[in-house]
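Atoms considered below: every heavy atom in the structure, side chains included; atoms not considered: hydrogens, waters and symmetry mates.
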Amino acid sequence: MAPQDRSVRAPSAPAPAPPRPRPPLPLRAAAGLSGWVALAATLLPAGWPVRWVPVLLFVCFGPGAALLRPRPGARLEAFALAAPVSLSLAVLTATALFLAEGFSATAFLVALAAFTTVVAALPGLPLPAAVPGGGR
């Protein structure tokens, strides 16, 4: 008779979930720094396009682009949602500063830039991929 294997095997642990895909570090760093670039642009002389273009682009797209995490194939959807989300956050920030009687362009940009920097370091809100038939 052959000896029997009486060793006890531990149950195998479930495989770890694959890590969430994250945009490359330079892209996330750019989203986090965009508000500070816009704030620095306000130090330029008034009337220069180099002054208002970064501020306008940041306020319209920066916070929303940092907040949303598109899935592959849904990048256009994330870009389309970045503007309304950014403008909504800008309105909420401006309203809060007005109610606190502390509104200024500098305070507004600092608040949005700080929010964008923090959010760019987080994973972001996932968006459902656009699929034919509404995902049913």
Side-chain angles (χ1 to χ4, degrees):
M1 279 176 115
Q4 294 180 350
D5 184 11
R6 296 191 184 246
S7 62
V8 177
R9 294 183 183 223
S12 62
R20 291 182 180 169
R22 295 183 72 181
L25 183 61
L27 184 61
R28 296 197 61 84
L33 292 175
S34 63
W36 304 111
V37 170
L39 184 64
T42 61
L43 299 175
L44 295 171
W48 282 26
V50 178
R51 180 180 178 168
W52 59 266
V53 169
V55 173
L56 181 66
L57 289 175
F58 168 68
V59 171
C60 289
F61 294 105
L67 187 64
L68 302 174
R69 178 176 47 105
R71 292 186 182 179
R75 300 207 187 278
L76 182 60
E77 179 183 65
F79 181 72
L81 284 174
V85 169
S86 292
L87 293 173
S88 297
L89 290 169
V91 167
L92 289 172
T93 303
T95 302
L97 288 171
F98 272 119
L99 291 175
E101 297 180 3
F103 182 83
S104 70
T106 303
F108 174 72
L109 286 175
V110 165
L112 277 182
F115 175 80
T116 303
T117 302
V118 169
V119 168
L122 300 175
L125 298 175
L127 295 173
V131 293
R136 291 182 218 166

Could you go step by step and tell me if Val59 and Phe108 meet the side chain to side chain contact (heavy atoms under 4.5 Å, CB included) rule?
CA-CA 10 Å; Val59 171; Phe108 174 72; 3.9 Å; yes

Check the surroundings of atom CH2 in Trp52: do more than 12 heavy atoms from other residues, nucleotides or ligands lie under 6.0 Å from it?
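No, not enclosed.
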
To the nearest 0.5 Å, what is the distance between [atom1] on [X] and [atom2] on [Y]?
X: Leu67; Y: Thr116; atom1: CG; atom2: OG1; value: 9.0 Å
X: Leu97; Y: Leu99; atom1: CG; atom2: CG; value: 9.0 Å
X: Leu43; Y: Arg51; atom1: CG; atom2: CZ; value: 8.0 Å

Is there a path of hydrophobic side-chain contacts, each under 4.5 Å between heavy atoms, that joins Phe115 and Val37?
no

Hydrophobic cluster membership, Leu112 vs Phe61, 4.5 Å side-chain cutoff
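No, Leu112 and Phe61 fall in different hydrophobic clusters.
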
Show the nearest heavy-atom pair for residues [X] and [Y], with the distance to one decimal.
X: Ala66; Y: Val119; value: O-CG1, 3.4 Å
X: Ser86; Y: Gly64; value: OG-N, 2.6 Å
X: Ala41; Y: Val50; value: CB-O, 3.9 Å
X: Ser34; Y: Phe58; value: OG-CD1, 3.4 Å
X: Leu109; Y: Ala38; value: CD1-O, 4.2 Å

Thr117 side chain to Gly32 main-chain N or O, any donor-acceptor pair under 3.5 Å?
yes

Any side-chain heavy atom of Pro63 within less than 4.5 Å of one from Val85?
no

